[in-house]
There are 2 protein chains.
Amino acid sequence: MSSTDGVKQTRRDQILSAAAELFARHGFHGVGIDDIGAAVGISGPALYRHFRSKDAMLGEMLTAISERLLDGGLRRVEAANGPEHALRELVRWHVDFALDDPALITVQIRNLANLTDADRRRVRALQRRYVEVWVETIRRTVPRADEPTARAAAHAVFGLINSTPHSAHLDREQMAALLSRMALAALTTAGVLDPALATP
Amino acid sequence: MSSTDGVKQTRRDQILSAAAELFARHGFHGVGIDDIGAAVGISGPALYRHFRSKDAMLGEMLTAISERLLDGGLRRVEAANGPEHALRELVRWHVDFALDDPALITVQIRNLANLTDADRRRVRALQRRYVEVWVETIRRTVPRADEPTARAAAHAVFGLINSTPHSAHLDREQMAALLSRMALAALTTAGVLDPALATP
DNA sequence: ACGTGTGGTTAACGCACGTTTACGCAGGGT
DNA sequence: ACCCTGCGTAAACGTGCGTTAACCACACGT
């Protein structure tokens with residue numbers, strides 16, 4: 001290992017982001033080891049100098065994403081003053097993430113099933129904790145929402161924000177603003193999360 | 001072919017819905033031809049009595065979904081009186097579809113990339129027409145929204161509603177009501193779709 | 001100069017899996 | 001009686017692909 005290991009990581013990371021792009025476009029099984037190699041200028045089995053297996057790439061990729069999401073979410077919520085501010089920050093954080101790394105978002109949504117059992121458990125645990133951050137923040141902002149409702153609403157907002165890879169007709173800032181407003185409207189419009197309401 | 005061919009279809013349809021369930025859970029490439037056979041009580045290559053290939057199954061499945069979605073959407077919009085009513089009906093239609101067939105929704109989202117080029121073109125064309133129905137309805141209801149904004153909003157609402165397979169903590173009616181309210185709030189809250197607004 | 005580790009190469013292996021083939025068997029129209 | 005068609009089976013085929021093996025070369029500390 002080097003002292004700061006800031007440079008040492010480049011090759012692994014380069015491979016990971018190329019693989020993420022390919023996995024997002026063609027699916028895990030739709031991408032060959034040779035394709036990933038070609039994408040970074042080396043060919044085929046050279047990847048095994050950097051990763052134990054193809055599954056290990058996906059595992060590392062998805063745990064890294066989940067950790068980044070959770071950490072960022074926690075930090076934003078802690079730094080916020082007041083629940084509404086925390087919710088706005090959370091929305092903004094997720095929107096930025098989705099807009100900056102659409103490939104990672106796509107892979108995380110589409111390829112959970114291709115993980116090793118051990119990796120999947122790890123990723124799911126991280127995702128659950130991230131959802132809990134949202135659930136708590138939502139319930140602090142909208143006290144009438146019970147827990148199952150808040151959880152379902154959180155998933156729904158993830159779906160809304162993660163729709164980004166399918167759109168891309170707006171420029172980044174307009175898209176960020178639109179998604180943020182839609183997410184907040186869906187969560188905080190009066191009565192929307194009230195479990196006592198019947199079908200409108 | 002039989003006269004009414006109502007019974008003749010059962011076997012094909014039985015296979016298709018079993019395959020949809022499996023594709024949704026494990027992904028197209030994660031499911032073997034033998035797995036699909038086993039799911040309907042026959043084993044392995046017997047499927048080739050009913051489908052030309054594994055790709056053909058996915059193709060037929062996805063075009064059927066896309067056609068159902070488009071047809072239902074068109075019918076609801078035509079039958080509605082007034083744009084707001086049409087939008088409510090559209091939301092309700094998509095919500096019902098997503099809640100009744102979560103496997104189909106999952107497959108359509110995750111496995112577009114595994115289609116034949118010809119099939120993919122067909123499906124994409126149907127999807128585009130469905131999006132257009134939404135875009136027009138949204139713009140009639142929210143005149144301030146320009147077309148790219150309405151299109152991005154439509155995709156976002158699809159993501160919101162299609163989040164259903166990841167939740168399932170609420171019973172069907174509560175879930176339907178929640179998703180409908182969130183979708184309508186995201187679309188119709190004052191100013192949300194106004195392209196002139198900057199980041200909040 | 002020299003071993004050593006790091007990151008490449010090409011060739012080969014082995015297996016999973018989609019597809020094909022050859023075969024069997026009930027049923028119903030002539 | 002008979003054969004044709006529909007639907008099933010089991011075995012064989014071929015190949016794509018993840019992984020391993022054997023080999024090579026440059027960088028570099030001593």
Side-chain angles (χ1 to χ4, degrees), chain A residues 1-20 22-23 25-62 107 111 113-120, chain B residues 1-20 22-23 25-62 107 111 113-120:
Chain A
M1 314 173 198
S2 67
S3 48
T4 66
D5 73 354
V7 178
K8 185 59 165 45
Q9 300 286 53
T10 48
R11 202 41 181 249
R12 281 178 68 89
D13 292 351
Q14 183 190 6
I15 293 171
L16 279 181
S17 70
L22 290 170
F23 290 164
R25 187 149 39 239
H26 304 108
F28 181 69
H29 289 290
V31 175
I33 220 71
D34 292 340
D35 301 325
I36 304 174
V40 298
I42 68 184
S43 230
L47 298 169
Y48 286 79
R49 300 290 166 192
H50 305 278
F51 296 94
R52 214 168 56 270
S53 68
K54 192 188 172 193
D55 297 298
M57 288 185 217
L58 185 63
E60 198 161 314
M61 190 182 303
L62 290 195
V107 174
N111 297 37
N114 304 120
L115 283 175
T116 300
D117 288 0
D119 281 336
R120 184 166 46 248
Chain B
M1 311 176 196
S2 66
S3 50
T4 65
D5 74 354
V7 179
K8 185 58 167 43
Q9 300 286 53
T10 48
R11 197 46 170 219
R12 280 177 70 89
D13 292 351
Q14 184 189 4
I15 293 170
L16 278 180
S17 72
L22 290 170
F23 290 166
R25 188 150 37 239
H26 305 108
F28 181 70
H29 289 291
V31 175
I33 219 73
D34 293 341
D35 302 326
I36 304 174
V40 297
I42 68 183
S43 228
L47 298 170
Y48 286 79
R49 298 292 165 191
H50 305 276
F51 295 94
R52 213 166 59 273
S53 69
K54 193 188 171 194
D55 297 297
M57 290 186 215
L58 185 64
E60 198 160 314
M61 189 181 307
L62 290 194
V107 174
N111 296 35
N114 304 120
L115 283 176
T116 301
D117 287 1
D119 282 335
R120 184 167 44 250

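Lettering follows sequence order; numbering is per chain, from 1.
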In whole angstrom, what separates [X]'s [atom1] from [N]'s [atom2]?
X	N	atom1	atom2	value
Phe51(B)	dG18(C)	CZ	C1'	16 Å
Arg52(A)	dT19(D)	CZ	C1'	13 Å
Ile33(A)	dT9(C)	CD1	C1'	16 Å
Ile15(A)	dT6(C)	CD1	C1'	13 Å
Asp34(A)	dT19(D)	CG	P	12 Å
Arg12(B)	dC7(D)	CZ	P	11 Å

Problem set entry | Residue-phosphate contact under 4.0 Å: Arg11(B) side-chain N/O, dG8(D) OP1/OP2 | yes
Exercise. According to a strict under-4.0 Å criterion, is His50(A) in side-chain N/O contact with OP1 or OP2 of dT6(C)?
Worked result: no
For this session: Specify the closest pair of heavy atoms between Arg120(B) and Ala113(B), including all atoms of both residues, with the distance to one decimal.
Result: NH1-O, 3.6 Å
For this session: Starting at CG of Asp13(A), measure out to CZ of Arg11(A) and round the result to the nearest 0.5 Å.
Result: 11.5 Å
Seminar exercise, completed: Distance col, row Asp119(B):CG vs Leu62(B):CG, nearest 0.5 angstrom, shows 8.0 Å
Side-chain donor-acceptor pairs under 3.5 Å in residues 31-50 of chain A, sequence neighbours left out?
{"unit_1": "Asp35(A)", "atom_1": "OD2", "unit_2": "Gly32(A)", "atom_2": "N", "d": "2.8"}

Exercise. So which of residues 36-49 of chain A are in contact with DNA chain D, with a heavy-atom cut-off of under 4.0 Å?
Worked result: Pro45(A), Tyr48(A), Arg49(A)
Exercise. Are Phe28(A) and Val107(A) side-chain neighbours, meaning at least one heavy-atom pair lies under 4.5 Å?
Worked result: no
Exercise. Taking side chain as C-beta onward, heavy atoms only, is Leu22(A) less than 4.5 Å from His26(A)?
Worked result: yes
